[in-house]
Amino acid sequence: MKLLHTNMILRFPFCVRNCSNTSQAAFIKELEGNYIPHTNFQRTLLSVGSAVVALLNPHRGDMIACLGEVTGSQAIRYMRQKMLETNEGAEILQEMPRINSKTVCFETLSHLPENTLGRVYADFMQNNNITADSRLPVQFIDDPELAYVIQRYREVHDLVHATLYMKTSMLGEVTVKWVEGIQTKLPMCIGGGIWGAARLKPKHRNLYLKYYLPWAIHTGNNAKFMQGIYYEKRWEQDINDFHKEMNITKLKDY
């Protein structure tokens with residue numbers, strides 16, 4: 001029997017009692033429906049296969065998601081511990097909020113003042129034609145809390161892009177992967193940063209080595225843990241105040 005917090009007792013496969021809130025219960029129910037049982041041997045095959053496909057085709061989000069789950073066990077536990085170290089992160093784990101079109105009103109965010117976190121996020125999503133419903137559900141992690149940690153990582157990825165003012169280009173994606181890799185220790189992110197950089201064109205590679213990579217390393221090491229930020233409660237926060245609080249310095253647009 002596994003105890004998560006003090007008010008939720010779970011026994012595989014996902015027998016839920018006394019969930020603290022509907023969001024938490026809904027996530028666990030979703031996880032129960034999506035979970036795919038597998039052996040250690042199958043897990044190894046998934047690790048190798050998803051890594052190969054992801055390297056050959058970086059646009060295969062399903063393979064990247066699979067790779068993150070089957071290779072990131074230690075990193076996910078590390079992320080959970082980092083979240084528990086702050087009241088804000090612990091609150092996220094307790095409430096298990098989701099970020100999608102059902103939980104976030106992008107129409108409302110788009111009418112916030114331009115310099116607010118919520119407006120920056122809404123503009124980023126609209127300008128890049130991204131939907132918050134595009135993140136795949138967790139399939140290969142049976143611990144609900146650890147599964148939520150990686151689900152949260154996926155759902156705040158666009159918020160990390162937006163608040164760091166990083167475009168969705170290969171250069172921007174590689175830069176964000178380094179920030180995330182340093183902060184989360186996820187092998188998927190570290191590998192993405194290394195192999196993604198190899199795909200950069202000469203002009204972008206020069207910018208990457210001279211400006212973006214040093215900035216990403218500095219930000220990853222010095223900014224507050226970005227997976228433990230309760231963004232949903234900060235929509236109206238001034239983005240400059242957010243950067244100051246999170247110890248983030250905006251990179252000059254080259």
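For reference, positions follow the sequence shown, starting with 1. Because only heavy atoms are used, hydrogens play no part in the values below, and waters and symmetry mates are left out as well, while side chains stay in. The structure displayed is predicted, hence computed values, not measured ones.
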Legend entry - Arg234 and Glu245 ion-paired at < 4.0 Å: yes

Legend entry - Phe140 side, atom CZ; Gln42 side, atom CD - distance, nearest 0.5 Å: 9.5 Å

Inset, instruction - Search all heavy atoms of Gly118 against all heavy atoms of Leu112 and return the closest pair with its distance. - result: CA-CD1, 4.0 Å

Legend entry - Sub-4.5 Å side-chain heavy-atom contact between Glu95 and Tyr230: yes

Legend entry - Side chain Glu155, main chain Ile99, donor-acceptor under 3.5 Å: yes

Inset, instruction - For residues Gly72 and Pro187, report the shortest heavy-atom separation together with the two atoms involved. - result: CA-CD, 4.1 Å

Legend entry - Flag, side chain of His243 to backbone of Thr163, donor-acceptor distance under 3.5 Å: yes

Inset, instruction - Report yes if some heavy atom in the side chain of Gln81 is under 4.5 Å from a heavy atom in the side chain of Arg77; otherwise report no. - result: no

Inset, instruction - Report the distance from atom SG of Cys189 to atom CD1 of Ile194, rounding to the nearest 0.5 Å. - result: 11.5 Å

Legend entry - Beyond-backbone contact of Asn34 with Leu136, side-chain heavy atoms, under 4.5 angstrom: no

Legend entry - Check: Tyr148 side chain, Pro97 main-chain N or O, donor-acceptor pair, under 3.5 Å: yes

Legend entry - Pairwise distance CD(Gln24) to CD(Glu145) - rounded to 0.5 angstrom: 8.5 Å

Legend entry - Minimum heavy-atom distance Asn100-Phe106, with the two atoms named: O-CE1, 4.5 Å

Legend entry - Test applied, side chain to side chain contact (heavy atoms under 4.5 Å, CB included); reference residue, His157; option that passes from Gln227, Met226, Glu173: Glu173

Legend entry - Under 3.5 Å donor-acceptor, Gln183 side chain and Lys224 backbone: yes

Inset, instruction - Give the C-alpha distance, both sets of side-chain angles, the deciding distance and a yes or no for side chain to side chain contact (heavy atoms under 4.5 Å, CB included) between Ile150 and Leu186. - result: CA-CA 10 Å; Ile150 197 67; Leu186 282 167; 4.0 Å; yes

Inset, instruction - Name all residues meeting the side-chain hydrogen bond (donor to acceptor under 3.5 Å, both in side chains) criterion together with Asp133; count only those two or more places apart in sequence or in a different chain, and write none if there are none. - result: Ser101

Inset, instruction - Check whether more than 12 heavy atoms from other residues, nucleotides or ligands sit under 6.0 Å from atom CG of Asn129, and answer yes or no. - result: no

Inset, instruction - State whether the side chain of Arg98 and the backbone N or O of Phe27 hold a donor-acceptor pair below 3.5 Å, judged by distance alone. - result: no

Legend entry - Minimum heavy-atom distance between Val138 and Leu31, given as atom pair plus value: O-CD1, 3.9 Å

Inset, instruction - Give a yes or no answer on whether the side chain of Thr175 reaches the backbone of Ala216 with a donor-acceptor pair at less than 3.5 Å. - result: no

Legend entry - Set of residues satisfying side-chain hydrogen bond (donor to acceptor under 3.5 Å, both in side chains) with respect to Thr168, sequence neighbours excluded: Asn128

Legend entry - Steps toward side chain to side chain contact (heavy atoms under 4.5 Å, CB included) verdict (His204, Met170): CA-CA 9 Å; His204 287 162; Met170 179 62 76; over 6 Å; no

Legend entry - Polar side-chain atom of Thr131 near backbone of Ser134 as donor-acceptor pair, under 3.5 Å: no

Inset, instruction - Mind telling me whether Tyr231 and Phe242 have parallel, tilted or perpendicular rings, with 30° and 60° as the class edges? - result: tilted

Legend entry - 4.5 Å side-chain heavy-atom contact, Trp235 and Thr116: no

Inset, instruction - Please determine, by modelled atom types, if Glu30 and Gln151 share a side-chain donor-acceptor pair under 3.5 angstrom. - result: no

Legend entry - CG on Leu109 to CD on Glu236, rounded to 0.5 Å: 9.5 Å

Inset, instruction - Check step by step if side chain to side chain contact (heavy atoms under 4.5 Å, CB included) holds for Leu159 and Phe124. - result: CA-CA 9 Å; Leu159 270 158; Phe124 172 85; over 6 Å; no

Inset, instruction - Could you tell me the separation between the CD1 atom of Ile141 and the CG atom of Leu146, rounded to the nearest 0.5 Å? - result: 6.5 Å

Legend entry - Atom NZ of Lys233: over 12 foreign heavy atoms under 6.0 Å: yes

Legend entry - Any donor-acceptor N or O pair under 3.5 Å, side chains Tyr153, Glu180: yes

Legend entry - Gln139 side chain to Ile36 backbone, donor-acceptor under 3.5 Å: no

Legend entry - NZ/Lys185: more than 12 non-hydrogen atoms of other groups inside 6.0 Å: yes

Inset, instruction - Measure across Val174 and Tyr208 and return the closest heavy-atom pair with its distance rounded to 0.1 Å. - result: CG1-CE1, 3.6 Å

Inset, instruction - Apply side chain to side chain contact (heavy atoms under 4.5 Å, CB included) to Leu93 and Arg152, showing your working. - result: CA-CA 9 Å; Leu93 288 176; Arg152 179 71 178 180; over 6 Å; no

Inset, instruction - Taking atom CD of Gln126 as the centre, report whether more than 12 heavy atoms of other residues, nucleotides or ligands fall under 6.0 Å from it. - result: no

Legend entry - From Ile248 atom CD1 to Trp215 atom CH2, the distance as rounded to the nearest 0.5 Å: 7.5 Å

Legend entry - Tyr212 ring center near Trp178 ring center (under 6.0 Å): no

Inset, instruction - Mark yes or no for whether Arg119, through its side chain, and Pro113, through its backbone, hold a donor-acceptor pair below 3.5 Å. - result: no

Legend entry - Heavy-atom pair of closest approach, residues Pro144 and Ile28: CB-CG1, 4.0 Å

Inset, instruction - Take atom CG of Asn240 as the centre, draw a 6.0 Å sphere, and report whether it contains more than 12 heavy atoms from other residues, nucleotides or ligands. - result: yes

